[in-house]
Trainee: 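Below: one structure in structure tokens.
Note that these values count all heavy atoms, side chains included, but never hydrogens, waters or copies made by symmetry.
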Amino acid sequence: MKKTKIALGVVIALGVVWTGTAWYTGKQIEANMGQLVDNANQQISQYLPDSHLVLTQQDFRRGIFSSHVQLVLQGAANASQDDPLAAGQKVIFSESIDHGPFPLSQLKHLNLIPAAASVHSELVNNDTVKGLFSLSDGHSPLSAETRLGYDKSSATAIDVTALNYTDSTGKISAQPSVFNLAADGQQNNIRFSADVGDVTAQFKNDSNLPVDMTIAGLDFSGDTHLSPEGLRLGNQALTLKSLSTAVNGQPVLSVSGVNMNSDFDNNAGKTGGKINYVVDKVQLKQQTLGSAALTVSLNNFDTASVKQFYDNYNDVVKQNLADIASGKQDDPQAMQQSVNQTILQNLPLILKGAPELSVDSLTLKNEKGESRFSLKADFNDPSTVTTAPQSLGQVADGYMKNLNVTLSVNKPMAQQLLTIIGQSQGYSIEDAGKLAVQQIQGLSAMGEMFHLATVQGDNIVSSLQYSQGDVTVNSQKMPLEQFIQQYVPAGPAAGE
């Protein structure tokens, strides 16, 4: 009996503590909700300038174990019809907040780790988003579950329901998708992943023929962190099982087995890493073109300078977007010129510290053979050049230390590739094969005639090296000026 009383006392004590803590957590949530909304508006202002979007809260109802609030994203009073939300338009999110330390929604999933709160979010149906609800049979097209830690960390799972859209031009269907996002309290370490449901689309092309497109097995993920310099680095991965298209019921193009991954990190103020791409199979009208693979390495990039380059580039892009929104700019060519100018002006930032870039391997392969390309570029730091260059070679040396490029085209592989492409353009198998042979023979003859390539067995091989003002093309060495005069096409004459 005594032990029973002790156990009962412990349960009652835990209940009182839990209730008191949950009540206190609810008070804290209510007290800090305004600050959370203000922070969100600052983010909107920073990343979506001139969007005229404002976030507010309404209808906060606090209980002991849970609270409810609505977050309202709306167009500001000066928003126009061209903005994401016009004045008066609202997107409302219904938020159900279970208080910590043991949110009830987490207990249902047997998650016993203490948390400040667990939030269930759903989109509210109104005139602004009723079109989205029509895509999901009247249900909320998305919902989210967010776990908030006492250290301000968060973990969110977003579920997107099956969506279907049909009109007079065609139909699009998407299977359910799941997105996950987690961050620490300082927003330093961020992890994300997505399992995207299969997407099918049916529409008609310019020739009024029915087109079918399917995207299946798309997944991506990442685990990133901020370097001490503020540059976001880490690893990312993407996979795609297949992408296929058909016109008038006949297969046209299909791609399968796409994989991409990258991994970058910072070490003593220097950034480096690798990017890998693989495509297992590409088919054109049910004939296999082959597979492809690419590996790129970047090393010794000055992290602080790369961050500055990234910020300068983003500032120009944001300004262009702001000019579009305000009607100050609508010329795509002028905007592209401003971006290109920014890149050129900030090129010394990227090259600070003499970084290295290499295409370790680019391969195209089919059943007849394999073609390869590689490149290695070792750069100089332009900021270390203290004397005015006296020649074109000295100008190049201010940026480039060494360059090594090799290309090997396998003739049987290339002939088969060009034959399939020719067939897709309407040639017969025989004519496409003959045309492919002629094209490869012409490429080989031209390369040898201009000393740009040599034939080694079944391969057309070309190599180029640059170092200290000299260029070597297939073992033929010459000054950079001579190479440009001999091989680089001249620009338009003055007045043309």
Side-chain angles (χ1 to χ4, degrees), residues 29 32 36 39-40 42-44 46-48 71 93 95 97-98 100-103 105-123 141-161 174-199 215 217-241 258-267 270-278 296 298 301 303 306-307 310-311 314:
I29 292 172
N32 289 288
L36 293 173
N39 291 342
Q42 290 175 8
Q43 296 291 316
I44 292 173
Q46 179 179 354
Y47 294 106
L48 295 172
L71 297 179
F93 297 90
E95 311 287 334
I97 307 169
D98 287 341
F102 300 105
S105 57
Q106 295 292 309
L107 292 179
K108 293 177 182 177
H109 296 90
L110 299 180
N111 189 344
L112 302 180
I113 300 175
S118 179
V119 184
H120 175 79
S121 307
E122 281 195 10
L123 194 62
L142 60 86
S143 61
E145 299 289 343
T146 302
R147 185 176 182 277
L148 302 174
Y150 284 105
D151 59 353
K152 298 184 179 180
S153 63
S154 64
T156 300
I158 302 173
D159 291 306
V160 180
T161 63
Q175 296 301 309
S177 300
V178 178
F179 300 86
N180 293 286
L181 178 66
D184 65 4
Q186 293 73 42
Q187 304 296 301
N188 183 356
N189 296 287
I190 296 178
R191 301 184 308 277
F192 60 88
S193 65
D195 181 0
V196 181
D198 296 351
V199 178
I215 300 173
L218 175 61
D219 301 301
F220 57 87
S221 61
D223 189 342
T224 69
H225 61 275
L226 286 175
S227 73
E229 297 81 6
L231 187 65
R232 185 160 294 282
L233 302 169
N235 59 75
Q236 299 180 54
L238 180 147
T239 62
L240 174 65
K241 183 179 179 181
V258 178
N259 288 273
M260 183 279 286
N261 63 77
S262 65
D263 192 354
F264 286 86
D265 209 347
N266 175 65
N267 183 17
K270 298 293 185 178
T271 291
K274 281 194 175 187
I275 305 172
N276 296 289
Y277 295 92
V278 174
V296 178
L298 296 94
F301 281 80
T303 307
V306 173
K307 175 63 167 57
Y310 177 82
D311 289 343
N314 271 354

Trainee: CG/Leu233 to CG/Asn267 distance, rounded to the nearest 0.5 angstrom?
Mentor: 11.5 Å
Trainee: Quick check: closest heavy atoms across Gly197 and Ser177, and the distance to 0.1 Å?
Mentor: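 So the two residues come closest at N-OG, 2.8 Å.
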Trainee: Would you say that more than 12 heavy atoms from the other residues, nucleotides or ligands in this model lie under 6.0 Å from the CZ of Phe179, or not?
Mentor: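 Enclosed.
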Trainee: Please identify each residue that fulfils side chain to side chain donor-acceptor pair (under 3.5 Å) with Ser262, with sequence neighbours left out.
Mentor: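 Side chain to side chain donor-acceptor pair (under 3.5 Å) list for Ser262, sorted by chain: empty.
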Trainee: Rounded to the nearest 0.5 Å, how far does OG1 of Thr271 lie from CG of Leu231?
Mentor: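 Between atom CG of Leu231 and atom OG1 of Thr271 there are 5.5 Å.
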Trainee: With a 4.5 Å cut-off on side-chain heavy atoms, are Asp265 and His225 touching?
Mentor: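 Counting from C-beta outward, His225 and Asp265 do come under 4.5 Å.
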Trainee: Side chains of Ser121 and Glu95 only: does a donor on one sit below 3.5 Å from an acceptor on the other?
Mentor: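 Short answer, yes.
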Trainee: Side chain to side chain contact (heavy atoms under 4.5 Å, CB included) between Val196 and Phe220: does it pass, once the steps are laid out?
Mentor: CA-CA 8 Å; Val196 181; Phe220 57 87; 4.0 Å; yes
Trainee: Can you list the residues that meet the side chain to side chain donor-acceptor pair (under 3.5 Å) rule with Arg191, with sequence neighbours excluded?
Mentor: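 Residues passing side chain to side chain donor-acceptor pair (under 3.5 Å) with Arg191: none at all.
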Trainee: How far does CD of Glu122 sit from CG of Asp159, to the nearest 0.5 angstrom?
Mentor: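 Going from CD on Glu122 over to CG on Asp159, the span is 10.5 Å.
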Trainee: Is there a side-chain contact between Phe93 and Leu123 in this structure, where contact means two heavy atoms from C-beta onward sitting under 4.5 Å apart?
Mentor: yes
Trainee: Which value, rounded to the nearest 0.5 Å, describes the distance between Met260 atom CE and Thr239 atom OG1?
Mentor: 10.0 Å
Trainee: What residues, two or more places apart in sequence or in another chain, satisfy side-chain contact (heavy atoms from CB on, under 4.5 Å) together with Ala237?
Mentor: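 Scan of Ala237 (side-chain contact (heavy atoms from CB on, under 4.5 Å), adjacent residues dropped) gives Ser221, Asn261.
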Trainee: Please check if the side chain of Asp198 supplies one atom and the backbone of Gly217 the other of a donor-acceptor pair under 3.5 Å.
Mentor: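 Present.
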Trainee: What distance separates Ile275 CD1 from Leu298 CG, expressed to the nearest 0.5 Å?
Mentor: 6.0 Å
Trainee: Does the side chain of Val296 reach to within under 4.5 Å of the side chain of Tyr277, using non-hydrogen atoms?
Mentor: no
Trainee: According to side-chain contact (heavy atoms from CB on, under 4.5 Å), who are the partners of Asp263, at least two apart in sequence or on a separate chain?
Mentor: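 Asp263: side-chain contact (heavy atoms from CB on, under 4.5 Å) contacts with Asn235.
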Trainee: Could you tell me whether Lys241 atom NZ has more than 12 heavy atoms of other residues or ligands within 6.0 Å of it?
Mentor: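 No.
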Trainee: Is the shortest side-chain heavy-atom distance between Gln236 and Phe192 below 4.5 Å?
Mentor: yes
Trainee: Run the side-chain contact (heavy atoms from CB on, under 4.5 Å) test against Asn180 and tell me which residues pass, sequence neighbours left out.
Mentor: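 side-chain contact (heavy atoms from CB on, under 4.5 Å) list for Asn180, sorted by chain: Ala157, Val178, Ser193.
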Trainee: Would you find a donor on one side and an acceptor on the other, under 3.5 Å apart, between the side chain of Asp184 and the backbone of Asn189?
Mentor: yes
Trainee: Enter the distance from Ile158:CD1 to Ser143:OG here, rounded to the nearest 0.5 Å.
Mentor: 9.0 Å
Trainee: I'd like to check the side chain to side chain donor-acceptor pair (under 3.5 Å) partners of Ser153; sequence neighbours left out, ordered by chain and number.
Mentor: Asp151
Trainee: Go through the structure and list residues passing side chain to side chain donor-acceptor pair (under 3.5 Å) with Asp311, not counting sequence neighbours.
Mentor: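 Side chain to side chain donor-acceptor pair (under 3.5 Å) list for Asp311, sorted by chain: Lys307.
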Trainee: Taking side-chain contact (heavy atoms from CB on, under 4.5 Å) as the definition, give me every residue that meets it alongside Ile190, ordered by chain and number, with sequence neighbours left out.
Mentor: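 Listed in chain order: Leu181, Ala183, Thr224, Arg232.
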